[in-house]
Amino acid sequence: MIRYALICDEDHAFDSWFQSADAFDALQKAGHISCAVCGSGEVRKSVMAPRIGKASDTKTDVATRDRPLSAPASPVEQAMTALREKVEASSEDVGKNFAAEARKIHNGEAPERAIRGEAKLQDARALIEDGVPVTPLPFMAKGKSN
């Protein structure tokens with residue numbers, strides 16, 4: 001396993017573990033790496049200081065070491081996690097049918113409810129131009145990547 005310090009095109013810094021350097025390269029080339037904060041697919045390795053010598057026993061180091069990698073580390077990550085959980089708990093995931101379902105709801109052809117899902121850029125623009133109230137979410141759905 002190898003840990004990389006990563007940074008996205010919005011300057012969000014985060015760390016992630018990979019099976020190997022080759023695994024990172026393959027995942028990045030396939031577009032399967034995204035920012036842990038904003039979901040951007042424009043992620044690159046950041047300069048990283050090597051960790052040499054005995055690990056410190058400060059509260060911060062102990063807390064970080066005991067925290068699962070999947071747990072949010074910064075206040076921004078914690079807020080994004082809370083937002084994601086609230087959105088997922090209060091909306092229906094319609095997947096790739098988002099544009100069609102949003103239009104049906106707007107036209108009164110489907111019951112009004114909160115939905116989330118995926119839409120192609122041109123479909124999202126058409127919804128907005130037609131007055132359908134939609135907004136992009138500031139995160140990727142769990143288990144999905146760019």
Side-chain angles (χ1 to χ4, degrees), residues 1-106 110 113-130 132-146:
M1 296 290 288
I2 188 166
R3 178 178 157 199
Y4 284 128
L6 303 173
I7 190 165
C8 78
D9 59 337
E10 298 292 325
D11 290 328
H12 298 126
F14 58 101
D15 293 347
S16 191
W17 289 90
F18 298 90
Q19 188 68 30
S20 65
D22 291 338
F24 170 84
D25 293 339
L27 288 168
Q28 186 178 40
K29 184 177 180 181
H32 294 296
I33 298 177
S34 60
C35 176
V37 178
C38 69
S40 170
E42 297 297 321
V43 175
R44 66 186 185 285
K45 294 178 195 171
S46 180
V47 176
M48 195 168 145
R51 187 171 182 156
I52 301 173
K54 185 178 176 185
S56 171
D57 285 332
T58 66
K59 287 182 181 179
T60 303
D61 286 347
V62 171
T64 302
R65 206 172 38 242
D66 293 340
R67 179 184 58 81
L69 278 176
S70 60
S74 71
V76 171
E77 288 181 34
Q78 292 168 354
M80 292 299 290
T81 297
L83 177 62
R84 178 196 314 256
E85 289 171 354
K86 183 173 182 173
V87 167
E88 289 175 349
S90 62
S91 63
E92 178 186 340
D93 185 359
V94 295
K96 294 188 185 285
N97 296 326
F98 178 81
E101 194 64 22
R103 190 169 299 284
K104 286 179 188 175
I105 292 169
H106 182 72
R113 65 201 189 281
I115 61 170
R116 67 183 190 285
E118 300 175 42
K120 293 180 181 176
L121 183 58
Q122 66 267 24
D123 293 336
R125 282 187 179 148
L127 288 170
I128 292 167
E129 289 169 1
D130 293 342
V132 179
V134 298
T135 189
L137 296 174
F139 51 79
M140 302 287 293
K142 283 185 180 177
K144 298 184 181 184
S145 61
N146 286 348

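All figures in this text were calculated on a predicted structure; none of them were measured in a lab.
- Residues satisfying the side-chain hydrogen bond (donor to acceptor under 3.5 Å, both in side chains) test with K96, not counting sequence neighbours, are E118.
- To the nearest 0.5 Å, the span separating OG on S46 from CZ on F14 amounts to 10.0 Å.
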Taking distance alone, no hydrogens or angles, what donor-acceptor pairs closer than 3.5 Å link side-chain atoms of residues 18-26 to residues at least two apart or in another chain?
| residue | atom | partner | partner atom | Å |
| --- | --- | --- | --- | --- |
| S20 | OG | D22 | N | 3.4 |
| S20 | OG | A23 | N | 3.0 |

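- Annotation: the span from R84 atom CZ to E77 atom CD amounts to 10.5 Å, rounded to 0.5 Å.
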Can you check side-chain contact (heavy atoms from CB on, under 4.5 Å) on S16 and L6, steps first, answer last? CA-CA 7 Å; S16 191; L6 303 173; 3.9 Å; yes
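- For E10, the salt bridge (Lys or Arg N to Asp or Glu O under 4.0 Å) criterion is met by no residue, not counting sequence neighbours.
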Evaluate the side-chain contact (heavy atoms from CB on, under 4.5 Å) criterion for residues R103 and D130: first the C-alpha distance (whole Å), next the side-chain angles of each, then the deciding distance (0.1 Å), finally the verdict. CA-CA 9 Å; R103 190 169 299 284; D130 293 342; 2.8 Å; yes
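- Here the closest heavy-atom approach between residue A99 and residue D123 is recorded as CB-CB, 3.9 Å.
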Dump the intermediate steps for side-chain contact (heavy atoms from CB on, under 4.5 Å) on C35 and H12, then the final yes or no. CA-CA 7 Å; C35 176; H12 298 126; 3.6 Å; yes
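- Using a 4.5 Å heavy-atom threshold, the side chains of S34 and E42 count as separate.
- Interatomic distance, CG of L137 versus CE of M80, reported as 9.0 Å (0.5 Å rounding).
- Side-chain contact check for C8 versus V37: every heavy-atom pair is 4.5 Å or farther apart.
- Residues satisfying the salt bridge (Lys or Arg N to Asp or Glu O under 4.0 Å) criterion with D9, sequence neighbours excluded, are absent altogether.
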Derivation of the side-chain contact (heavy atoms from CB on, under 4.5 Å) call for L127 and F98: CA-CA 10 Å; L127 288 170; F98 178 81; 4.2 Å; yes
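- Side-chain atoms of D93 come within 3.5 Å of backbone atoms of G95 as a donor-acceptor pair (strictly under, hydrogens ignored).
- Once rounded to the nearest 0.5 Å, the distance linking OG of S40 with CD1 of I33 reads 12.0 Å.
- The residues R116 and E101 are annotated as not salt-bridged, no charged nitrogen and carboxylate oxygen being separated by less than 4.0 angstrom.
- Scored by the side-chain hydrogen bond (donor to acceptor under 3.5 Å, both in side chains) test, N97 finds no partners at all (sequence neighbours excluded).
- Here I115 contributes atom CD1 and E92 contributes atom CD; the two are 7.5 Å apart, rounded to the nearest 0.5 Å.
- Applying the salt bridge (Lys or Arg N to Asp or Glu O under 4.0 Å) test to R125 and every residue at least two apart in sequence or in another chain returns nothing.
- The minimum heavy-atom distance linking V134 with A102 is given by the pair CG1-CB, 4.4 Å.
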